[in-house]
Each structure stands twice: as structure tokens, then as C-alpha cells.
Amino acid sequence: MDMRMGILAVAGVCILVLLIGIIKKKGEFLLNFATRTVVCLIVAYFLNSLFAARGMDVAVGVNPISVLTFGSLGFCGMLALYGILLLQLL
């Protein structure tokens, strides 16, 4: 019984250390996600205004799908959304 409790204690400490590392990484991931989302939303707003001033009907809407794309892929995702809209004009 003592051997089993020792193994469980060591495993518990290892799991605790891993959880602390995951929480730290998760916080960093959420901060990066939020930063990419905000920056891409600002750039998308200005690009929508620019295209509207030029008379082009290209505007990426702000919806949950575009926000997730901006946050997860960053500028590449934003360019992909604008690329899809520009291809629809052809």
C-alpha cells in the first residue's frame, strides 16, 4: 500500500506541474489570439473603408466566423477572406 501511495503522489505532482505549464501556455495563447483579432479587425475596418471609397463592393463582415479566422490565422486569414471576396468579383 505504501508503494502505491508513493507512485500516486509522484504522478499527482507530475500532473500538477503539467497543468501549471498548460495554464501558462493557455494564457499566452489567449493573449496572442485576442491581439491578432483586434489588430485584424482594425485593419479590416480600414480596408473595407478603402474599398468602399474606391467603389469596390468588397467588405469582410464582422461575424463569429471572421473573428475566429482573424484570431486563429491572423493576417493570412484576413488576406484569405479578402481573396475569396475578390475572386467572387471576377
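What you see is a predicted model, and the numbers here were worked out from it, not measured in a lab. The analysis underlying the following values was restricted to heavy atoms, covering all of them including side chains, and did not include hydrogens, waters or symmetry mates.
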Would you indicate whether L31, at its atom CG, is surrounded by more than 12 heavy atoms from other residues, nucleotides or ligands within a distance under 6.0 Å? yes
Would you indicate whether D57, at its atom CG, is surrounded by more than 12 heavy atoms from other residues, nucleotides or ligands within a distance under 6.0 Å? no
If I take atom CG from residue L68 and atom CG from residue N63, how far apart are they, to the nearest 0.5 angstrom? 9.0 Å
Apply side-chain contact (heavy atoms from CB on, under 4.5 Å) to residues F51 and L85 and explain how you reach the verdict. CA-CA 12 Å; F51 287 136; L85 289 175; over 6 Å; no
Would a single hydrophobic cluster contain both [Y] and [X], if residues Ile, Leu, Val, Met, Phe, Trp and Tyr are joined by side-chain heavy-atom contacts under 4.5 Å?
X: V62; Y: L81; result: yes
X: L86; Y: L79; result: no
X: V38; Y: F75; result: no
X: I84; Y: L87; result: no

Minimal non-hydrogen separation, [X] against [Y], with atom names:
X: F33; Y: S72; result: CE1-N, 3.4 Å
X: S66; Y: V60; result: CB-CG1, 4.3 Å
X: G71; Y: T37; result: CA-OG1, 3.1 Å

Side chains of N32 and T35, donor plus acceptor under 3.5 Å: no
Evaluation steps, side-chain contact (heavy atoms from CB on, under 4.5 Å), between F70 and V39: CA-CA 9 Å; F70 291 163; V39 169; over 6 Å; no
For A44, does its backbone N or O pair with a side-chain atom of Y82 as donor and acceptor, under 3.5 Å? yes
